[in-house]
Structure formats: structure tokens, C-alpha cells
Protein chains: 2
Amino acid sequence: MSLRFALLALLSSGAMTGYDVSKHFSQSVAHVWHAPDSQIYPELRRMSVEGLLEVETVKWGARGEKKEYHVTDAGFEALRAWVNTPIEVRRQRDPAFLKAAYLEWADAESVREEMRTQIRFHQSLLDLLEHTRATLLDRTHPTLVRRLARIPSADHDRIVAWKVFAYDGLIAQARLQIEWARRGLELVETFDSAGLAPLEDPPYASTPSP
Amino acid sequence: MSLRFALLALLSSGAMTGYDVSKHFSQSVAHVWHAPDSQIYPELRRMSVEGLLEVETVKWGARGEKKEYHVTDAGFEALRAWVNTPIEVRRQRDPAFLKAAYLEWADAESVREEMRTQIRFHQSLLDLLEHTRATLLDRTHPTLVRRLARIPSADHDRIVAWKVFAYDGLIAQARLQIEWARRGLELVETFDSAGLAPLEDPPYASTPSP
DNA sequence: TTTGACATGTAATGAGTTACATGATTTC
DNA sequence: GAAATCATGTAACTCATTACATGTCAAA
């Protein structure tokens, strides 16, 4: 259900074709809610069927066509209803933490590789998030530019502030993950230098116990 | 796919019936990978079909029956293969951050309610995580007790350390979310006291722009 | 004999992933 | 004429959610 509101929120910045949605999406909303094209196009269609969006078919070149999606009044209403209802709280489901809890089964080198992978991933995510945050603050972010152009300037500060707030949260999380993985890297050394081998064999046979 | 390894990891502490799995699950693995019973039972069956688990049917009372699941050698191998392969990195998908980025559409009171809900949720999660962490450290956690009983004591420290490490990550995340929501609470006051109303109407009509 | 814990699921639906499939237009 | 980008999806599958469904056993 969230994808629908992610798209509604994106399209509230101005009408776009499916292709533009997919491009803007990856540079903005995707940082908080990732989705592939194969999920975006069908959802846009569904939303227009349900009256949240209006489709305008636009000629493109000689034979080409594209669809431009506009948020309808019902769409804006749905968007406002969504932001004004308390969130559905979801419990965490992160494979990194799941795996971390059972690393006694891993050998030291795999743990190191795992932690390094984590650090690399979250570091490059962090770079991206910080860069995006900067383009929000200086108001050069393409989706933000479109958005602000249609809105009285009295509201600009607040719009930017909430987006920066969201990115601050994401940035803090990424930093945390990096720090955490670094501590994992330290931890594995203490065991490895103590000469502890991983649990290589089942601690009990696969025979049933009565 | 992760559910499978969550179950394998849990059952690596000793054989259990489906019911016991479901009970232990909610007190341990669920903190890193939540799943309802309706997902657990069928997955256990599938895993036994695929040879990762062995089922022993145990009589229970006069008419009752229960199934005890044992990790097979193939199961342990799969578990070890999983912890020794670098993780599939997944991009974030958190409705809280998604919503935060578009709070210019919300009215002040809804934002307050939202942030308070977030704080309440993560505070009670934090309490649970800290309590669980303590039972790991003093080694009274029921699943951990079962696990350690079957393993040479030389390995105990390391087993506990990785689990505590995982909980440390979760605890840090929960704290972060609370702090973040508190800053959201401050932010909404600055706008509300400035007398800014939410964007109550679409900033542009639903008419197509050429 | 009633309550609470024990025990095991199914069925329907929705959300998300992966891989594939196709063609037009613009720019070099 | 080739390459990049614009444009729009489908199909098959897996995973997760929600709601329901049913019965046993032990203890008070």
C-alpha cells in the first residue's frame, strides 16, 4: 500500500509520464521506499483506474505515445488522509541483524568479508544521502525544484525542512550501521586471535532425543 | 528465504515441536526477523520435505500428536553456507521515513500524534530489547540455555557475544528512532507556532499541463 | 466443566522480485 | 547507422499478511 502513497507524493510535485515518474522516483522517493519499474507502471495504471490519477495520452514523435499522470482531487484527498493517519508499525526484518545473531557458525574470514560488505554498502548509501540532502538544502534537487515552482514561497521552508528531516534520519541510520559493522570487525578479531574455530560440526547428532 | 535460515538457526539450539518453535521464535529470532505462525508451520514442513529437517512424530496424551523437528546434516550445512556467504543487501523500505518526507501535507496535530506513536512503539521495543540483552548476558534466556547446554563451554562466550552484538545494533537503532521522532516533535512546533497551515489544497488543479 | 495453554495448520489475498519483452526517438 | 535514452510494460514466482479453522490436553 505504501508504494501507492510514494507515487502520489511524488506526483504531487507535478504531472509526469510513467518514465519520468520512474526517473524522479529513483532520485528521491526511492531513498525511503524503493520499487522497480515493473512495480511502478502497473501501480500507476491501477491508481488511474481507481480515480487517484488522471491519464493524459501525449503524442511523442511520429508514432510514439506516452502517458502523463495527474493527481486528481481524490488523489490529493487520499494523500492527505494518509499523512494524517498514524502509521502502521512494522516490525523489523533485517537479514544483517538476523545473520549477526548467529555468527558463531561462520568462520572469521567470512565475518570480516560480511562486515566489510556492510560498511561499503552503507558508506556509499551515506554519500548518496548526504549529497541528496545538500541538493535539498540549496534547493537544486530536480523533483524539489518542480515542487516548489507550484507552491507559494511561504511554504517552501517547511517543505524543505520535512524532507531534510527524513534524510537526517536515514543518514543517522547509515552512520549507525557503519559503526556497528566496525564493532563487528573488532569483535571477530578478539575471537580469531584467541584461536577459536567456528562451530564446524553440529553440536548434537541429527538423531531424535526423546 | 531468510525465514528458512531464521528457523534453522533457532532449531540449531536443539530439536523442537512446531509449537515450541513458534514460542521460542517470538522470544528470540523474531526480534530480528518477525514471522507469524501461519508462515512458520508451512515453512517447517517444506524444510523437512527438502531434507533440511527431520520430523519425528511424538504421541501427546491419548489422541494428540506433535511433530518434533531436528536439523539434519544437510540443514547444518545450509546454515553454515548461509552465514559464510556475503549478505544480499536490501534497500530500505520504511513507511515512517516515507511519510516523514511528505509531512507538509499533514496538519500539526497529526504530526504530533504520529511522532508520539513512533516514540511509544520504539520505547517499548527498546525495553524489550534491553531486557532480552540482559537475559543473554546473564545466560538465563530460555533459547540460549538450551543452546549452550549442548555445546562445549569454550564456545559459550563467543555465542553470547554475537547475540549481544546483534541486540546492541537493534538497541542503537531503536534509540535513534526515538531521538529522531523527538526532533520531529520539535520541528512541528516551530511551524505551528509560526501559524503555518498544512497544504490543504492541491497547489495546482488536476487539469493537464501541455 | 471450563479455562488456558498446547497443537497445527488452510485459504485468500497482496506485495515484491526477477527476468524477460518490445519498440520509438533522438543524438552522434 | 549505432548507441543512448525514452517509453511501457508482462509473466512467473516467491514471500508475507490477514483471517480463519479446528481440535487436544492438563489443571483448577
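Keep in mind that the numbers below use all heavy atoms, side chains included, and drop hydrogens, waters and symmetry copies. All chains are named by letter (A, B, ...) in the order of the sequence lines, taking the proteins before the strands, and each is independently numbered beginning at 1.
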Send over the distance from [X] [atom1] to [N] [atom2], rounded to a whole Å.
X: Trp33(B); N: dC15(D); atom1: CH2; atom2: P; answer: 10 Å
X: Tyr41(A); N: dT18(C); atom1: OH; atom2: P; answer: 19 Å
X: Phe5(A); N: dA15(C); atom1: CZ; atom2: P; answer: 10 Å
X: Arg91(A); N: dA16(D); atom1: CZ; atom2: P; answer: 14 Å
X: Arg93(B); N: dA16(D); atom1: CZ; atom2: P; answer: 12 Å
X: Glu65(B); N: dG9(C); atom1: CD; atom2: C1'; answer: 14 Å
X: Asp37(A); N: dA11(D); atom1: CG; atom2: C1'; answer: 16 Å
X: Asp94(B); N: dG16(C); atom1: CG; atom2: P; answer: 13 Å

Looking at [options], which one has an atom nearest to any side-chain atom of [X]?
X: Arg45(B); options: dT24(D), dA7(D), dG9(C); result: dG9(C)
X: Gln39(B); options: dC15(D), dT18(C), dG16(C); result: dC15(D)
X: Thr17(A); options: dT17(C), dT8(C), dA7(D); result: dA7(D)

**Request:** Could you say whether Ala35(A) or Trp60(A) is positioned toward the 5' end of DNA chain C, judged by the nucleotide with the nearest heavy atom to each?
**Result:** Ala35(A)

**Message:** Please compare Arg90(B) and Gly64(A) by the position of their nearest nucleotide in DNA chain C and report the one closer to 5'.
**Reply:** Arg90(B)

**Message:** Do Ser124(B) and Asp127(B) pair up side chain to side chain, a donor and an acceptor below 3.5 Å, judged on atom types alone?
**Reply:**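 No donor-acceptor contact under 3.5 Å links the two side chains.
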
**Asked** Touch check for Lys67(A), heavy atoms < 4.0 angstrom, all strands: base, sugar-phosphate only, or nothing?
**Response**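 Since only primed, P, OP1 and OP2 atoms lie under 4.0 Å of Lys67(A), the category is sugar-phosphate.
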
**Message:** Under 4.0 Å, heavy atoms only, any strand: does Ala62(A) hit a base, just the sugar-phosphate, or nothing?
**Reply:** sugar-phosphate

**Request:** May I ask you to evaluate whether Tyr19(B) reaches the phosphate of dA7(C), defined as a side-chain N or O under 4.0 Å from OP1 or OP2?
**Result:**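 Looking at the OP1 and OP2 atoms of dA7(C), neither is under 4.0 Å from any side-chain N or O of Tyr19(B).
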
**Asked** Is Arg63(A) near enough to dT25(C) that one of its side-chain N or O atoms lies under 4.0 angstrom from OP1 or OP2?
**Response** yes

**Request:** To the nearest 0.5 angstrom, please state how far the NE2 atom of His141(B) sits from the CZ atom of Arg133(B).
**Result:**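 The CZ atom of Arg133(B) is 13.5 Å from NE2 of His141(B), to the nearest 0.5 Å.
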
**Request:** Could you grab the distance from atom CH2 of Trp180(A) to atom CG of Leu170(B), nearest 0.5 Å is fine?
**Result:** 7.5 Å

**Request:** Please state whether the base of dT18(C) and the side chain of Ser38(A) form at least one donor-acceptor pair under 3.5 Å?
**Result:**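 Counting by modelled atom types and ignoring angles, a donor-acceptor contact under 3.5 Å is found here.
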
**Message:** I want to confirm an ordering. Mapping Pro42(A) and Lys66(A) to their closest nucleotides on DNA chain D, which one lands closer to the 5' end?
**Reply:** Lys66(A)

**Asked** Closest heavy-atom contact between Leu199(A) and Trp105(A)?
**Response**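 Leu199(A) and Trp105(A) have their closest heavy atoms at O-CE3, 3.4 Å.
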
**Message:** Are Trp60(B) and Tyr19(B) an aromatic pair, judged by ring center distance below 6.0 Å?
**Reply:** no

